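Quick notes on the structure that follows.
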Amino acid sequence: MRLSILDQAPISNGKTANEALAASIKLAQTGDDLGYTRYWIAEHHDLPGLACPAPDLMLGMIGAQTSRIRIGAGAVLLPHYKPFNVAERYNMLATLFPNRIDLGIGRAPGGSAEASIALSGDFLKQVNQFSDSIDEVLGFLHNSFPKDHMYSKIKPSPVPTYSPEPWLLGTSEKSAILAAEKGLPYVYGHFMSDADGPSIVKQYTNKHSETIVTVSVICAETTDKANELALSSQLWSVQRAKGESSGRIPSVEEAKTYSFSDKEKETIRKLERKMIIGNPKEVKEQLEQLQLLYQVDEFMLVTITHSYEARQKSYELIAKEMLADN
């Protein structure tokens, strides 16, 4: 089983965006050292508590401070951008860091309606053109436009020796079907979907084999410690849903003193069913059970804790348990 990292660049209560991004760079370096296959960073716009609106800028920093791990966007939210510009930026990264760049593509807004309008005007119109925009990105990356096409005369320079590897991200049957139609490897967001993930992924893997499943994981030396750490992200989810917080990740102490309503407790129980929480052995067992369900060879782990040190430790413990012999 291959393991990778998805980083949302969360900002914890009491921390700055600068500290959050520094922690992201350190996390990528840790993944590089410990044998994780990929490090991807997500794109969000004016969402309190999440520090990265521009994955390509962060990847330039991260690529320069790592040596082996594949790095990429999880994902570039394509409706906000012109395909040529996306191809230029990721060709640039692929030139700087040969054979290490992944280009995850998604269609979500990544922020409020107002932020989407500020970024791309008529966002829904761009979403309706998503399939065509993917074709354009692939045409630019692979220099595959017909000779009579206007875009055959231009190239997203610099053109690297190894092109960025494109992936399509999604949480629905629709996204899996689109990935299959485009011949793209697919990433399914198990941690953010209530759909029947194994069924969706099976439909895709009937035609293709390269699939990653993204799952929320918190690991600590003991089960009790892992459950305690998970309180932060659980309270964060509850507060975001109610729109009553600063958006930053609350501390374990805040979560322990918070008075959860019965409805919120039920929300947390639903969240826990989508998460893997435990000591290293338990996390390994649960990932192996998930692997049997999904029949995939790679999981991408997203870990949200208030403490950056605890997040770092979570990935370290999992690597020691599962990647030490790789």
Side-chain angles (χ1 to χ4, degrees), residues 1-10 12 20-42 52 58-59 61-74 97 99-102 104 165 167 187-191 210-230 232-233 249 274-294 296-326:
M1 184 191 301
R2 295 188 300 275
L3 298 179
S4 294
I5 296 169
L6 175 62
D7 181 12
Q8 294 182 318
S12 296
L21 294 174
S24 289
I25 294 171
K26 185 176 180 181
L27 179 59
Q29 292 172 317
T30 296
D32 194 40
D33 293 338
L34 295 179
Y36 283 88
T37 300
R38 309 171 205 276
Y39 167 93
W40 287 5
I41 190 163
C52 182
M58 276 297 289
L59 294 174
M61 294 284 292
I62 287 166
Q65 297 183 61
T66 53
S67 61
R68 175 203 57 81
I69 195 168
R70 293 191 67 86
I71 58 175
F97 313 113
N99 203 23
R100 292 181 56 203
I101 300 301
D102 293 329
E165 183 176 349
W167 293 74
V187 183
Y188 177 74
H190 173 87
F191 76 105
E210 203 165 5
T211 311
I212 299 173
V213 172
T214 307
V215 59
S216 177
V217 179
I218 294 178
C219 184
E221 292 91 340
T222 67
T223 307
D224 287 345
K225 179 64 174 176
N227 283 318
E228 183 179 77
L229 290 172
S232 289
S233 63
I249 315 302
K274 303 296 291 185
M275 298 177 72
I276 292 178
I277 304 169
N279 63 46
K281 184 178 179 181
E282 290 167 336
V283 168
K284 180 181 180 181
E285 289 173 351
Q286 291 181 66
L287 281 172
E288 289 174 342
Q289 290 170 9
L290 210 57
Q291 186 178 33
L292 291 174
L293 280 175
Y294 276 102
V296 298
D297 293 324
E298 184 171 347
F299 286 96
M300 186 168 279
L301 314 182
V302 56
T303 299
I304 302 290
T305 60
H306 175 266
S307 163
Y308 297 135
E309 292 77 18
R311 179 178 64 161
Q312 190 92 358
K313 186 68 173 178
S314 178
Y315 285 105
E316 291 172 358
L317 290 169
I318 294 168
K320 184 177 180 180
E321 183 72 24
M322 301 184 67
L323 300 177
D325 297 330
N326 287 5

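Note that the structure is a prediction, hence the values are computed from the model and not measured.
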Restricting to non-hydrogen atoms, name the atom on [X] and the atom on [Y] that form the minimum distance, rounded to 0.1 Å.
| X | Y | value |
| --- | --- | --- |
| Ser232 | Ile249 | CB-CG2, 4.1 Å |
| Pro280 | Glu321 | O-CG, 3.6 Å |
| Glu221 | Leu317 | N-CD1, 3.6 Å |
| Ala20 | Pro10 | CB-O, 3.4 Å |
| Gln291 | Met1 | OE1-CE, 3.3 Å |
| Ala220 | Leu229 | CB-CD1, 4.0 Å |

Report the distance from atom [atom1] of [X] to atom [atom2] of [Y], rounding to the nearest 0.5 Å.
| X | Y | atom1 | atom2 | value |
| --- | --- | --- | --- | --- |
| Leu34 | Met322 | CG | CE | 13.5 Å |
| Leu21 | Met58 | CG | CE | 5.0 Å |
| Ile69 | Tyr39 | CD1 | OH | 9.0 Å |
| Thr303 | Gln8 | OG1 | CD | 10.0 Å |

Is any side-chain heavy atom of [X] less than 4.5 Å from a side-chain heavy atom of [Y]?
| X | Y | result |
| --- | --- | --- |
| Val302 | Val217 | no |
| Trp40 | Ile71 | no |
| Met61 | Ile25 | yes |
| Gln312 | Leu27 | yes |
| Lys284 | Leu287 | no |
| Tyr36 | Leu323 | yes |
| Val296 | Tyr188 | no |
| Asp102 | Trp167 | yes |

Under the 3.5 angstrom rule, does the side chain of [X] hit a backbone N or O of [Y] as a donor-acceptor pair?
| X | Y | value |
| --- | --- | --- |
| Gln286 | Val283 | no |
| Tyr315 | Leu301 | yes |
| Ser314 | Cys219 | yes |

Under the ring pair (Phe, Tyr, Trp, His ring centres under 6.0 Å) test, which residues partner [X], sequence neighbours left out?
| X | value |
| --- | --- |
| Tyr308 | none |
| His190 | Tyr294 |
| Phe299 | none |

Identify, with sequence neighbours excluded, every residue that meets side chain to side chain donor-acceptor pair (under 3.5 Å) alongside Thr37.
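Per chain and number, Thr37 pairs via side chain to side chain donor-acceptor pair (under 3.5 Å) with no residue.
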
Could you tell me which residues satisfy side chain to side chain donor-acceptor pair (under 3.5 Å) with Ser12, sequence neighbours excluded, listed by chain and number?
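Applying side chain to side chain donor-acceptor pair (under 3.5 Å) to Ser12 gives none.
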
For [X], check salt bridge (Lys or Arg N to Asp or Glu O under 4.0 Å) against everything at least two apart and list the hits.
| X | result |
| --- | --- |
| Arg100 | none |
| Asp7 | Arg311 |
| Glu298 | Arg2, Arg38 |

Ignoring hydrogens and angles, state whether a donor on the side chain of Gln29 or Asp32 is under 3.5 Å from an acceptor on the partner side chain.
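The answer is no; no qualifying pair exists.
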
I would like to know whether Glu288 and Leu292 meet side chain to side chain contact (heavy atoms under 4.5 Å, CB included); could you show each step before the answer?
CA-CA 6 Å; Glu288 289 174 342; Leu292 291 174; 6.0 Å; no

Partners of [X] by side chain to side chain contact (heavy atoms under 4.5 Å, CB included), sequence neighbours excluded?
| X | value |
| --- | --- |
| Glu228 | Lys225, Val252, Lys256 |
| Ser233 | Ile218, Met275, Ile304 |
| Asp224 | Thr222 |
| Asn227 | Thr223, Ile277 |

Applying side chain to side chain contact (heavy atoms under 4.5 Å, CB included) to Phe97 and Thr66, what does each step give before you reach the verdict?
CA-CA 10 Å; Phe97 313 113; Thr66 53; over 6 Å; no

Over 12 non-hydrogen atoms of neighbours within 6.0 angstrom of NZ in Lys281
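No.
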
